[in-house]
Amino acid sequence: MRAFSYERANSPAEAAAAVRGRDRAKFIAGGTNLLDLMKLEIETPAHLVDVNGLGFDKIESTLDGGLRIGALVRNTALAADPRVRRDYGLLSRALLAGASGQLRNKATTAGNLLQRTRCPYFYDTNLPCNKRKPGSGCSAIGGVTRQHAVIGSSEACIATHPSDMAVAMRALDATVETVGPGSATRQIPIAELHRLPGNTPDIETTLSPGELITAVTLPKPVGGTQIYRKVRDRASYAFALVSVGAIVQRDGSGRVAIGGVAHKPWRVEAAETDMPRGARQVTSALLDGARPTPENSFKLTLVERTLASVLAEAKA
């Protein structure tokens, strides 16, 4: 790990200004992803700004009946909150499907959304990777691609986004609240937070330099049967080959977002009009334009079968 300087921020604006005003500075909270990347010298920040003391660790009801989740709320606390379990079961189940209990105790809401890909070529610093070094090439293309994206990828990157929580947040139409230098605030729909790779896979979100996530807001509950189904190579502490987060209403309508298939949580609202017709029709629209490799084309079938299982469970 390379040497770095460290400071504790006293206000959101101060934290944002410290990161934007200093070369190679980064925010740190739980550190469950960042510290690992620093040890491997994939991330080499020269300065860390600790935001743990800013008070973003509360879950509060909103005036319209939703929930405002502080950026520093730990994953364990969020999954266990009675309001989340009652009204946003999809989110609670997705959180409990991720990582281990020890990591969930440290990982934060904002950090979970912003975690970086687990592509093995990204983690191998001996190999070219456009995420690590823009313009160097993508070693995954032509490599072992079983875990990689089947849709939304590009000639520069075929990595997937690893978050389970982000899939649930996408199905729930969450909004991300931020503050930037000078105390400027924004509200970003979760659908617009993560970027597809295009020619710049190293730029993973629409956040500006120094922009700090302060909270995530969920709209009022939509009811329905909420299910999160994660298919992985082992029963725990593994990232999804495919995951399905679904909200199914009594008439068969609903919402569906999937993980493990793209550079961001994948949802196509137009595909959801086919939910009463069944998983095959939804999957066809959801993955229209997919470009799998021979090694991961099974994901197309796996999405359909996993969604069919989820819909059957909801109907039952």
Side-chain angles (χ1 to χ4, degrees), residues 26 29-40 42-43 74-76 78-79 90-91 93-124 129-132 138-140 143-154 157-171 174 176 190-191 193-197 201-205 207 213 216 228-245 257-267 295-296 299 302-303 306:
K26 283 190 171 292
T32 57
N33 187 206
L34 178 59
L35 292 176
D36 284 343
L37 295 174
M38 289 173 65
K39 291 173 185 176
L40 295 169
I42 295 169
E43 294 271 16
R74 266 43 186 185
N75 288 176
T76 296
L78 183 57
L90 173 58
L91 176 57
R93 293 182 178 96
L95 285 162
L96 293 173
S100 64
Q102 294 93 330
L103 285 171
R104 292 195 297 270
N105 288 342
K106 290 292 292 181
T108 63
T109 298
N112 191 305
L113 289 176
L114 299 179
Q115 63 182 297
R116 306 200 69 185
T117 184
R118 266 42 178 209
C119 171
Y121 298 99
F122 171 72
Y123 272 78
D124 190 339
C129 173
N130 287 320
K131 277 187 175 295
R132 276 189 283 102
C138 176
S139 297
V144 178
T145 58
R146 185 171 182 269
Q147 296 277 353
H148 288 77
V150 297
I151 195 165
S153 58
S154 72
C157 183
I158 58 172
T160 58
H161 194 276
S163 172
D164 293 290
M165 186 191 79
V167 177
M169 292 286 197
R170 180 68 182 90
V176 178
I190 189 74
L193 177 66
H194 300 101
R195 291 165 44 103
L196 292 179
D202 55 307
I203 304 174
E204 298 175 347
T205 72
L207 297 176
I213 294 177
V216 178
Y228 187 76
R229 185 71 52 80
K230 182 176 181 179
V231 183
R232 46 190 163 175
D233 284 326
R234 58 180 185 270
S236 66
Y237 201 61
F239 295 97
L241 288 169
V242 159
S243 63
V244 172
I258 55 176
V261 299
H263 203 254
K264 60 187 292 186
W266 195 255
R267 181 183 174 196
E295 287 188 354
N296 66 18
K299 287 191 177 188
L302 190 57
V303 167
T306 306

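Because only heavy atoms are used, hydrogens play no part in the values below, and waters and symmetry mates are left out as well, while side chains stay in. Being a predicted model, the structure only gives us computed values, none of them experimental.
Atoms OG1 and CG, from Thr32 and Leu37 in turn, are 9.5 Å apart once rounded to the nearest 0.5 Å. With values rounded to the nearest 0.5 angstrom, Cys119 atom SG is found 9.5 Å from His263 atom NE2. Note that OG of Ser163 is 3.5 Å distant from CG of Asn112, once rounded to the nearest 0.5 Å. If you take CG on Leu91 and CG on Leu78, they are separated by 5.0 Å, rounding to the nearest 0.5 Å. In this structure, NZ in Lys106 is found 14.5 Å from CG in Asn33, a value given to the nearest 0.5 Å. Distance CG/Leu113 to NE2/His194: 5.5 Å, rounded to 0.5 Å.
Two residues are said to be in side-chain contact when any heavy atoms from C-beta on lie closer than 4.5 Å; Tyr121 and Ile158 fail this criterion. Between Lys131 and Arg116 there is a side-chain heavy-atom pair separated by less than 4.5 Å. Put simply, the side chain of Ile190 does not reach to within 4.5 Å of the side chain of Val216, judged on heavy atoms. Under the 4.5 Å side-chain criterion, counting only non-hydrogen atoms from C-beta, Leu241 is in contact with Gln147. Taking 4.5 Å as the limit, every side-chain heavy atom of Arg74 sits out of range of all side-chain heavy atoms of Leu95.
For the pair Thr160 (side chain) and Ala149 (backbone), a donor-acceptor distance under 3.5 Å is absent. Although no hydrogens or angles enter the test, the distance criterion places no donor-acceptor pair under 3.5 Å between the side chain of His161 and the main chain of Trp266. Between the side chain of Arg267 and the main chain of Arg170, a donor-acceptor pair closer than 3.5 Å is present. Between the side chain of Lys230 and the backbone N or O of Ser243 there is no donor-acceptor pair closer than 3.5 Å. A donor-acceptor distance shorter than 3.5 angstrom exists from the side chain of Glu295 to the backbone of Thr145, with no hydrogens or angles considered.
The two atoms that bring Arg132 and Asp124 nearest to each other are NH2-O, 2.7 Å, heavy atoms only. Closest approach of Ala99 to Arg104, counting heavy atoms only: O-NH1, 3.8 Å. Between Pro201 and Cys157, the closest heavy-atom pair is CB-CB, 3.5 Å. Smallest separation of non-hydrogen atoms from Thr76 and Gly101: OG1-O, 4.1 Å. Nearest approach of His148 to Pro120, heavy atoms of both residues: CE1-CD, 4.2 Å. Taking every heavy atom of both residues into account, Thr117 and Tyr123 meet most closely at O-CE1, 3.3 Å.
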- Message: Determine whether Ile213 and Leu207 satisfy the following criterion, side-chain contact (heavy atoms from CB on, under 4.5 Å), listing intermediate values before the conclusion.
- Response: CA-CA 9 Å; Ile213 294 177; Leu207 297 176; 4.2 Å; yes

- Message: side-chain contact (heavy atoms from CB on, under 4.5 Å) for Arg146 and Asp233? Distances and angles first, verdict last.
- Response: CA-CA 11 Å; Arg146 185 171 182 269; Asp233 284 326; 2.8 Å; yes

- Message: Could you go through Met165 and Thr109, starting from their C-alpha distance and side-chain angles, then the distance that decides it, and tell me whether this counts as side-chain contact (heavy atoms from CB on, under 4.5 Å)?
- Response: CA-CA 8 Å; Met165 186 191 79; Thr109 298; 4.1 Å; yes

- Message: Pair Leu96, Tyr228 - check side-chain contact (heavy atoms from CB on, under 4.5 Å), show working.
- Response: CA-CA 10 Å; Leu96 293 173; Tyr228 187 76; over 6 Å; no

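A salt bridge is absent between Asp164 and Arg232: the closest approach of a Lys/Arg side-chain nitrogen to an acidic carboxylate oxygen does not fall below 4.0 angstrom.
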